[in-house]
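In what follows, a structure is listed as structure tokens, so that the remarks can point back to it.
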Amino acid sequence: MIDTIIQESAAKAFRKVYSAEVESGDIIIQKTRRDFEGDFTINVFPFLKLTREKPEISAEKIGAFMIENAPELERFNVIKGFLNIVVKPEYWSGFLSKNFKDPDYGIRTEPSGTSVVIEYSSPNTNKPLHLGHIRNNLIGWSVAEILKANGHQVIKVNLINDRGIHICKSMLAWKKWFDGKTPEKEGIKGDKLVGDCYVRFDRELKSEIAGLVQKGLDREEAEKEAPLMAEARKMLQDWEKEDPDIRGLWKQMNNWVYDGFDKTYERLGVDFDNVYYESDTYLLGKEIVEEGLTRGVLFKKDDGSIWADLSDEGLDEKLLLRADGTSVYMTQDLGTAQLRHDDYNPDKLLYVVGNEQNYHFDVLKIVLKKLGRDWAEGITHVSYGMVELPHGKMKSREGTVVDADDLMEEMHATAAAMAKELGKADDLSDEESSSLFEMISLGALKYFILRVDPKKNMLFNPEESIDFNGNTGPFIQYTHARIRSLLKKATDRSIKPLNEIFTGEMQPKEIEILKMLYSYTSVVADAGTTLSPATIASYAYDLAKEYNQFYQEISILKEEDLEKARFRLTLSLFTASVIRSAMFMLGIEVPDKM
RNA sequence: GGUCCAGUAGCUCAGCUGGAUAGAGCAACAGCCUUCUAAGCUGUCGGUCGCAGGUUCGAAUCCUGCCUGGAUCACCA
């Protein structure tokens with residue numbers, strides 16, 4: 001690897017020329033800025049204390065030594081304290097011929113020995129999936145693929161929150177106002193029907209509360225006293241007592257929801273290796289809490305509720321079990337964490353969950369450690385920001401949620417309209433064009449969401465944000481399609497990729513692309529550390545943009561010098577392969593034609 | 001009030017283990033299709049990197065304070 005060669009050579013230079021104690025790891029190399037000549041740059045400022053000479057002179061001496069001693073390096077120049085190094089073109093062409101056929105270039109195929117369980121999606125069963133879930137699912141799936149590309153063994157899991165007061169609300173509403181209605185009869189997805197029930201409950205409850213307030217109760221009281229709420233709570237108790245009628249309805253409605261979710265997941269292209277249900281795990285959580293109590297790690301209040309004292313960690317006390325013995329969110333999460341550890345014994349447990357739960361995961365980790373679970377150290381909360389709309393947050397009550405299915409459908413329609421306008425799909429069958437539009441619209445959606453740093457809140461403007469031009473998924477897909485079409489043309493003209501090392505002269509643009517392809521390996525590794533698909537997205541865009549400029553300026557197949565044409569074709573193919581690989585990690589398919 | 005996160009071009013976002021003149025896209029304007037796909041390319045316009053200090057050869061990047069926005073501190077999940 002050329003960067004290690006440079007590091008070692010520079011370190012050696014410092015040792016020989018200045019007798020300074022410098023290890024290769026101390027040398028920070030960066031890509032040379034575009035406006036200067038060179039491939040890599042070493043900044044000598046940090047070493048001036050050792051050299052005791054002016055920056056220019058130090059850099060000059062180090063550079064001279066390196067060129068003398070490292071055969072891969074061609075020449076150097078010095079600007080202020082910056083030592084710019086030019087790598088021999090043969091190195092780059094050698095790199096190309098060695099790697100262009102490798103479909104796994106840049107990704108680590110040998111196991112790293114680290115195993116990871118990653119939870120994402122984690123829906124409630126009372127509402128359809130919305131834009132916020134889309135961000136969650138995309139980040140989760142993508143992070144999982146990025147970790148795989150780093151050689152980790154990855155298990156993707158979903159945790160379905162299928163119990164609790166929210167699902168009782170939907171059930172109650174169904175019994176009261178939707179009795180007899182099914183997704184089949186209504187002709188809608190199951191999750192939508194159950195969501196309608198939930199919305200109806202909320203509406204009825206609101207008016208009930210309003211009525212009570214009018215009768216003179218204060219707001220808080222009214223919310224507690226409302227008969228609908230009491231009925232829902234009663235239902236939850238019956239559910240915990242395993243009342244057969246309630247359980248039957250619960251199962252049926254949940255199954256409707258799962259059918260609906262499955263369709264959404266499939267269209268989004270996300271999947272899971274295992275699915276956990278809170279109804280299966282919350283009892284285990286209770287056991288863990290009991291165990292903590294007997295071990296004296298937790299304490300019981302007079303009313304019988306069980307708590308963890310986290311004041312020594314700078315946090316408050318945290319409730320783990322209610323006085324009536326029913327579990328809370330944290331109880332369940334203790335159980336699921338334990339279960340996941342027992343099932344897979346992973347090195348790392350990742351949770352892709354919104355940043356509004358940062359505190360929750362801090363607490364979860366601390367409580368588990370207090371309970372003697374050393375493996376809790378491996379818990380990482382992959383926290384992501386909210387998706388905001390131009391008019392503020394998404395609020396289900398105000399009807400401003402962007403439904404996942406609707407959004408994908410609209411995107412598809414927009415992609416189709418755009419393609420038609422551009423005359424792109426004229427020679428395609430209906431089936432072919434539909435699958436192409438799907439690829440493009442999902443590419444746009446996924447790229448748009450994944451290109452922003454997960455931890456930041458992001459704005460989603462349905463009208464303006466989803467674009468097919470510029471820094472978008474379709475732009476990258478287009479670049480790939482262009483190259484694939486080039487390959488086809490090349491085959492027609494019997495031009496083959498160049499297996500041997502190219503000996504001709506290379507254009508700056510060509511070297512630029514080769515350098516970018518070379519850096520793919522470290523980009524993948526980076527993304528694996530930062531757990532950020534945005535790293536990959538921005539790389540894919542930069543590469544595609546660089547290639548498009550190259551494509552525009554330099555003729556590839558029309559080049560008369562056959563070796564040159566073959567070299568450029570090879571470079572193009574390698575670019576397409578890396579684009580495909582990077583886009584795969586974002587869950588984005590790339591078409592051969594568009 | 002405590003804690004955490006964010007604030008970069010009119011808008012959406014990169015850049016943040018300190019390094020050279022802070023980058024893209026969108027929007028606006030001017031060009032480029034007889035030529036390997038114009039969902040493309042080129043150019044112009046656009047910035048006191050929230051504010052104020054500090055650290056040092058050097059700060060968008062690190063530290064402190066402040067301002068603004070968000071999240072959280074629930075016997076909701």
Side-chain angles (χ1 to χ4, degrees), chain A residues 28 30 32-36 41 43-46 48-49 55 79-82 84 122 124 126 161 163-167 278 301 303 305-307 314-316 318-324 326-330 332-333 354-360 362-363 383 385-386 388 390 393 415 418-419 421-422 424 440 444 448 451-453 455-461 464-465 467-479 481-490 493 495 529 534-535 537-538 541-542 544-545 548-559 565 568-569 572 593-594:
Chain A
I28 299 165
Q30 44 195 298
T32 303
R33 280 184 70 106
R34 257 158 209 279
D35 344 309
F36 302 93
T41 296
N43 187 340
V44 298
F45 275 108
L48 294 184
K49 280 185 193 129
I79 296 165
K80 291 193 257 178
F82 296 95
N84 300 322
S122 328
N124 289 353
N126 60 331
N161 177 25
R163 61 170 292 279
I165 195 76
H166 59 277
I167 184 67
E278 284 196 352
K301 286 197 175 171
D303 65 357
S305 55
I306 301 178
W307 297 72
L315 304 172
D316 283 336
K318 183 78 188 175
L319 175 89
L320 296 180
L321 217 52
R322 294 189 186 105
D324 64 5
T326 56
S327 65
V328 294
Y329 181 37
M330 187 60 74
Q332 294 162 184
D333 260 10
N355 62 10
E356 73 272 13
Q357 293 191 31
N358 288 352
Y359 180 72
H360 172 82
D362 286 348
V363 173
S383 167
M386 296 189 315
E388 284 160 10
K393 287 186 231 169
M418 283 297 295
E421 206 174 301
L422 293 167
K424 289 282 182 182
I440 292 168
F448 181 78
R451 66 184 260 255
V452 349
D453 182 350
K455 71 169 187 280
K456 288 189 179 172
N457 289 355
M458 64 175 289
L459 186 88
F460 186 90
N461 186 334
E464 296 165 23
S465 298
D467 211 332
F468 298 90
N469 303 316
N471 187 352
T472 65
F475 169 80
I476 304 168
Q477 290 173 317
Y478 173 69
T479 307
R482 217 178 209 182
I483 298 174
R484 297 307 300 177
S485 137
L486 208 56
L487 174 70
K488 209 165 161 248
K489 288 245 158 57
R493 298 181 199 176
I495 302 173
T529 314
T535 313
S538 115
Y541 174 71
D542 288 346
K545 188 179 161 118
N548 268 297
Q549 291 170 356
F550 163 72
Y551 182 93
Q552 206 81 23
E553 283 177 23
I554 296 170
S555 58
I556 298 166
L557 300 179
K558 286 185 301 180
E559 169 62 46
R568 287 174 184 164
L569 178 67
S572 300
K593 197 179 165 189
M594 74 181 267

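Convention: sequence-line order gives letters A, B, ...; per-chain numbering from 1. Note that this is a predicted model, so its numbers are computed, not measured.
- Using a 4.0 Å cut-off, no side-chain N or O of Y359(A) falls inside it from OP1 or OP2 of U72(B).
- Looking at the side chain of A481(A), the nearest of the listed nucleotides A20(B), U37(B), U12(B) is U37(B).
- Nucleotides G54(B) and G15(B) are separated by 24 Å at their C1' atoms, to the nearest Å.
- Proximity note for I165(A) (side chain, C-beta onward) versus A6(B), C76(B), A20(B): the nearest is C76(B).
- Taking atom CG of residue N461(A) and atom P of nucleotide A27(B), one finds them 13 Å apart after rounding to whole Å.
- Counting distance only, with no hydrogens placed and no angle test, the side-chain atoms of S538(A) and the base atoms of A24(B) include no donor-acceptor pair under 3.5 Å.
- Between C75(B), C36(B), A39(B), one nucleotide has an atom nearer to the side chain of S305(A) than all others, and that is C75(B).
- Side-chain atoms of E356(A) lie closest to U72(B) of the nucleotides G25(B), U72(B), A14(B).
- Spacing between G47(B) and A14(B) at atom C1', rounded to whole Å, works out to 15 Å.
- Here, U64(B) and U3(B) have their P atoms 12 Å apart, quoted to the whole Å.
- When the side-chain nitrogen and oxygen atoms of R322(A) are compared with OP1 and OP2 of C76(B), one or more of them lie within a distance under 4.0 Å.
- Picking from A14(B), C36(B), A77(B) the nucleotide with the shortest atom distance to the side chain of R493(A) gives C36(B).
- Contact of K424(A) with U37(B) (side chain to base): a donor-acceptor pair of N or O atoms is detected under 3.5 Å.
- Judged by atom type and distance alone, D467(A) does not reach the base of A27(B) through any side-chain donor-acceptor pair under 3.5 Å.
- Taking the side chain of R451(A) as heavy atoms from C-beta on, and the options A77(B), U12(B), A39(B), the nearest nucleotide is U12(B).
- Phosphate contact (OP1/OP2 of A74(B), side-chain N/O of K318(A), threshold under 4.0 Å): absent.
- Annotation: side chain of H166(A) is in contact with side chain of N161(A) (closest heavy-atom distance under 4.5 Å).
- For NZ of K301(A), the number of neighbouring non-hydrogen atoms (other residues, nucleotides, ligands) closer than 6.0 Å is greater than 12.
- Across all strands shown, C16(B) forms no Watson-Crick or G-U wobble pair with both distances under 3.5 Å.
- Rounded to the nearest 0.5 angstrom, N126(A) CG and I165(A) CD1 are separated by 11.0 Å.
- Candidate nucleotides C41(B), A20(B), C5(B) were compared by shortest atom distance to the side chain of K455(A), and C5(B) ranks first.
- Side-chain nitrogen and oxygen atoms of K545(A) include none within less than 4.0 Å of the OP1 or OP2 phosphate oxygen of C41(B).
- Nucleotide A20(B) holds its C1' atom 9 Å from the CG atom of N84(A), rounded to whole Å.
- Using a 5.5 Å limit on the distance between ring centres and a 30° limit on the angle between planes, the aromatic ring of F36(A) counts as stacked on the six-membered base ring of A20(B).
- Residues D324(A) and R322(A) are not paired through a salt bridge, judged by the lack of any N-O separation under 4.0 Å between the basic side chain and the carboxylate.
- Spacing between U61(B) and G19(B) at atom C1', rounded to whole Å, works out to 11 Å.
- For A28(B), the paired base is U44(B) (Watson-Crick or G-U wobble, both distances below 3.5 Å).
- One finds no side-chain N or O of R484(A) lying less than 4.0 angstrom from the OP1 or OP2 phosphate oxygen of U37(B).
- With a glycosidic angle no more than 90° from 0, C33(B) adopts the syn conformation.
- Residue N471(A) places no side-chain atom within donor-acceptor reach of the base of C13(B), judged by atom type and a 3.5 Å distance cut-off alone.
- Taking the P atom of each, G25(B) and G40(B) are spaced 10 Å apart, rounded to whole Å.
- Not one N or O on the side chain of R484(A) forms a donor-acceptor pair closer than 3.5 Å with the backbone of K593(A).
- When both pairing distances are held under 3.5 Å, C51(B) makes a Watson-Crick or G-U pair with G65(B).
- Residue-nucleotide stacking is not present for F45(A) and G58(B), judged by a side-chain ring centre under 5.5 Å from the six-membered base ring centre and planes under 30° apart.
- Checking A22(B) for Watson-Crick or G-U wobble geometry (two distances, each under 3.5 Å) identifies no partner in any strand.
- Other residues, nucleotides and ligands contribute over 12 non-hydrogen atoms within 6.0 Å of the CG atom of L422(A).
- Counting only heavy atoms from C-beta on, Q549(A) has its side chain closest to C41(B) among A20(B), C41(B), A77(B).
- When distances are taken from the side chain of H166(A) to each of A77(B), A39(B), C41(B), the shortest belongs to A77(B).
- Comparing U44(B) with C63(B), their P atoms sit 37 Å apart, to the nearest whole Å.
- A distance-only check finds no donor-acceptor pair linking the side chain of S485(A) to the backbone of A481(A) [under 3.5 Å].
- In this structure U3(B) sits in a base pair with A71(B), meeting the Watson-Crick or G-U test at under 3.5 Å.
- Of the nucleotides present, none pairs with A60(B) by Watson-Crick or G-U wobble criteria with both distances under 3.5 Å.
- Q552(A) has its CD atom 11 Å from the P atom of C33(B), to the nearest Å.
- K456(A) has a side-chain polar atom (N or O) that falls below the 4.0 Å cut-off from OP1 or OP2 of A14(B).
- Taking the six-membered ring wherever Trp is involved, the centroid distance between the rings of Y478(A) and F468(A) does not fall below 6.0 Å.
- When the side-chain nitrogen and oxygen atoms of R33(A) are compared with OP1 and OP2 of A22(B), none of them lie within a distance under 4.0 Å.
- Nucleotides C4(B) and C62(B) are separated by 15 Å at their P atoms, to the nearest Å.
- Nucleotides C45(B) and A30(B) have their P atoms positioned 15 Å apart, rounded to a whole Å.
- The side chain of V328(A) lies closest to C75(B), out of C36(B), C41(B), C75(B).
- For F82(A) and A20(B), the ring-to-base geometry satisfies the stacking test (centroid distance below 5.5 Å, interplanar angle below 30°).
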